[in-house]
Structures are given as structure tokens and as C-alpha cells.
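Before any comments, here is the structure.
By convention here, the first residue in the shown sequence is residue 1.
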Amino acid sequence: MLDKINSLKAEVEALTAGDAAEVEALRIKYLSKKGIIPALLVEFRSVPADQKRAIGVAINELKTLATDKINALRESVETQAAGSEGLDVTRSAAAVKLGTRHPLSLVREEIIDIFRRLGFTVAEGPEIEDDWHVFSSLNFAADHPARDMQDTFFIQRNPDVLLRTHTSSVQSRVMENSKPPIRIICPGRVYRNEAISARAHCFFHQVEALYVDRNVSFADLRQTLLYFAREMFGPETQIRLRPSYFPFTEPSAEMDISCDLCGGKGCGFCKGTGWVEILGCGMVDPNVLEACGIDSKVYSGFALGMGIERITNLKYRVKDLRMFSENDTRFLDEFTSAH
């Protein structure tokens, strides 16, 4: 019986087929229930006991050889058939279009990278917040306009649960749970109850930074701002600070950068002033430090915040804020090479 099996092995190795029908005929001949190889299993029952092991192994090898050979023939004739029709079966059915990074994501990562080089780490917090972390801990008075329903989205008419209006709530949480020195940057989405237009939206993105340690001064803040502006907008960029007011910083300031379109000479983009506003900043109010459990007599700090959409507009000249959230692929395709 071994001679018969070895003869069949040689026969299987020499098999050829010209088309799928011939391959199927070979499968039926050798591997179907009434085929040659299953018939060997019937003969196997009468094999002497001392030969069963060797013959059983040989039959299994023959079955494996026949299966592999017929599968190889089937693949070969299918490839030939496809080739004759001018088709490449290894290609996908449709061209795969590569995606792009969203412009807000590109700018967000660039801002984070700049502050990381200054030793800042990323901190994140919940978008659904409570009044304490969004307002009270940040020195907002009980009658502050930002608490009005026209500006803030409250959850189920609950005045203590709301969608955060700024990422300063992350700063509050970090100060409550960490000891100085603190050096963090807080990127995230924020929400305000505003009419949607080309210049405003009910949600947008912010990046805020906080540095708290001993002997932190306004000079440290200014140098940090100058470094950021020149890394983001170019080495020739100038900055200026104008007095302003925020409940959580004192003194407070708005920062402008020199217009890179006109070089500070004045144009339509900067409204003839030569300057463009990009962020708010200031020294952390001692009341905020104390509310978060930090001794304001020992530690001081600075904070700054900017809208990512605002920075993206300055870098890429996007005129309509709504384009960032409409997922228009024609707009997004413009940033294919930006990453």
C-alpha cells in the first residue's frame, strides 16, 4: 500500500490545470468523499497493525500535498484570468485617500510643543464642571455677568452644574491637588451661549498656561510671552501689553503682536494699528491662590490664555470661524501638507 501512496504523491506533484473547471475536477477526483484519497482510508482498515502507523502518516502527507497543490492551481488560474482582463487583484477596489490633520489640531500641538520646551506639562479636566471650579475659585463675584444664562450653558437648569466656559477650571483643580512649583498648560474645548456667526461660536478651543512658584514676577510672564510669540509667528515678532481686567489675575493685560502682514506699519488686517490682539494674561490674584489652598504670601504666579481658533486664523487667514466645525473636505484638504 505504501507503493500505491508514493505513486499517488508523484502523480499529485505533476498535476496541472488550465482553468477553474479543471481545478474543480481534480479536487473531486482526489479529495471528494468518493475520491481517491478518502478511498485509501477505507483500505487502511485492513492494514496489519504493525504497518498502520507508517501508512497512516503517509496517507495524511498525501492528503496535505493534494490540498496544497490544488489550492495553488486554483490561485494560479484565478490570477491568470484576472490578468487577462487587465485587473490587478492585489489592488484595493477604490483609491485610498489619505486624511489630513485638522488645522485646530495642528495649531494646538504647535502651541503645546512651544510651552513644553519651557518646561510646561499638559493638564486636562472635565468639560462638565461645577460652579466652584469655573467661577467661585477664580474670584468671580456672585453677580458677575459671566454667570448669566446668556453666557453660560447650565445643565438641566442646575446653577451648580455647567459646561465650562474656559479651561481655567483645570488650573483650579491642579492647584487644589498639587503643591508648587506648578507649571502646566491646559488645552481643551469650552462652551459659551453665543449666537453662531463668522466671528463667534457656541463652542471653541482654548489653551491656558499657569506657572506658580516662589518669586514669580511679571517679568517672567513677559519673557514667556515674547518667547511664545516669536516661536509661533517668527523671530521678528514684537509684543505689547495693554492693561486689562480679569477676575482671576491682578494686574491683568491683553497681549498684542506686531502684524506680520504689514510689519507693523498698518493695514486692513490690523485695522491700521500695526498690532493684532492674541491673548489675555496676568499675575494670579492672591484670592485665587488662597481659594485653592496655596499660601499667597509664599508663592506667586502668572496665567495666560488664548483661543486656538484665534491663533489659527492668524496663521492661516481663515475668515469664517464656522469652517472649523463644518467638516468641509475642500477646506480640510488645504492643510494636507501642513503636517
Side-chain angles (χ1 to χ4, degrees), residues 1-110 112-113 116 121-128 187-189 324-339:
M1 190 170 180
L2 280 174
D3 291 340
K4 182 178 180 180
I5 293 173
N6 289 332
S7 175
L8 285 171
K9 284 183 178 179
E11 183 179 317
V12 167
E13 289 176 346
L15 292 177
T16 59
D19 54 35
E22 292 183 10
V23 174
E24 180 61 13
L26 292 174
R27 185 193 68 79
I28 294 172
K29 178 181 179 181
Y30 289 96
L31 296 173
S32 66
K33 289 183 178 181
K34 296 182 180 181
I36 294 174
I37 295 176
L40 292 176
L41 297 174
V42 177
E43 295 181 35
F44 179 72
R45 298 172 186 170
S46 60
V47 171
D50 60 338
Q51 297 179 22
K52 279 185 178 294
R53 178 178 176 80
I55 293 177
V57 170
I59 292 175
N60 286 333
E61 290 177 349
L62 173 61
K63 183 177 181 181
T64 300
L65 175 65
T67 301
D68 291 345
K69 181 67 176 180
I70 290 171
N71 286 338
L73 289 173
R74 180 180 292 109
E75 183 177 347
S76 176
V77 298
E78 288 177 352
T79 301
Q80 291 174 4
S84 65
E85 298 174 2
L87 299 176
D88 182 357
V89 297
T90 64
R91 294 183 61 184
S92 61
V96 178
K97 184 178 180 179
L98 296 178
T100 64
R101 296 288 302 279
H102 195 281
L104 295 181
S105 296
L106 292 171
V107 173
R108 174 184 182 273
E109 293 305 314
E110 187 174 357
I112 291 174
D113 182 63
R116 274 182 174 153
T121 58
V122 175
E124 297 181 337
E127 294 183 8
I128 299 178
R189 182 179 293 182
F324 291 128
S325 55
E326 290 179 347
N327 290 326
D328 188 329
T329 56
R330 295 169 299 178
F331 169 69
L332 298 177
D333 284 343
E334 297 178 17
F335 301 90
T336 301
S337 61
H339 59 288

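- Looking at every heavy atom in both residues, E13 comes nearest to K69 through O-NZ, 3.4 Å.
- Annotation: salt bridge (charged side-chain N to carboxylate O under 4.0 Å, His left out) contacts involving residues 56-68, sequence neighbours excluded, comprise K9-E61.
- Taking the six-membered ring where the residue is Trp, F324 and H102 present tilted rings, their angle falling between 30° and 60°.
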Using residues 18-29 as the side-chain source, report each donor-acceptor pair under 3.5 Å to any protein atom, sequence neighbours left out, with the distance given to one decimal.
{"from": "D19", "atom 1": "OD1", "to": "A21", "atom 2": "N", "distance (Å)": "3.2"}
{"from": "D19", "atom 1": "OD1", "to": "E22", "atom 2": "N", "distance (Å)": "2.9"}
{"from": "E22", "atom 1": "OE1", "to": "G18", "atom 2": "N", "distance (Å)": "2.6"}
{"from": "E24", "atom 1": "OE1", "to": "R27", "atom 2": "NE", "distance (Å)": "3.2"}
{"from": "E24", "atom 1": "OE2", "to": "R27", "atom 2": "NE", "distance (Å)": "3.2"}
{"from": "E24", "atom 1": "OE2", "to": "R27", "atom 2": "NH2", "distance (Å)": "2.7"}

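- In this structure, L15 CG and Y30 OH are separated by 4.5 Å, a value rounded to the nearest 0.5 Å.
- One N or O on the side chain of N71 and one on the backbone of T67 form a donor-acceptor pair closer than 3.5 Å.
- Scanning both residues, A66 and V12, for their nearest heavy atoms gives CA-CG1, 3.7 Å.
- Residues A17 and L73 approach most closely at N-CD2, 4.1 Å, considering heavy atoms.
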field: Stepwise side-chain contact (heavy atoms from CB on, under 4.5 Å) test for R116 and V122
entry: CA-CA 8 Å; R116 274 182 174 153; V122 175; 3.7 Å; yes
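- At least one donor-acceptor pair under 3.5 Å links the side chain of T64 to the backbone N or O of N60.
- Atom CG of residue L31 and atom CD1 of residue I36 lie 9.5 Å apart, to the nearest 0.5 angstrom.
- Considering every non-hydrogen atom in both P187 and A123, the closest pair reads CD-O, 3.8 Å.
- Residue R108 holds its CZ atom at 12.0 Å from CG of D113, rounded to the nearest 0.5 Å.
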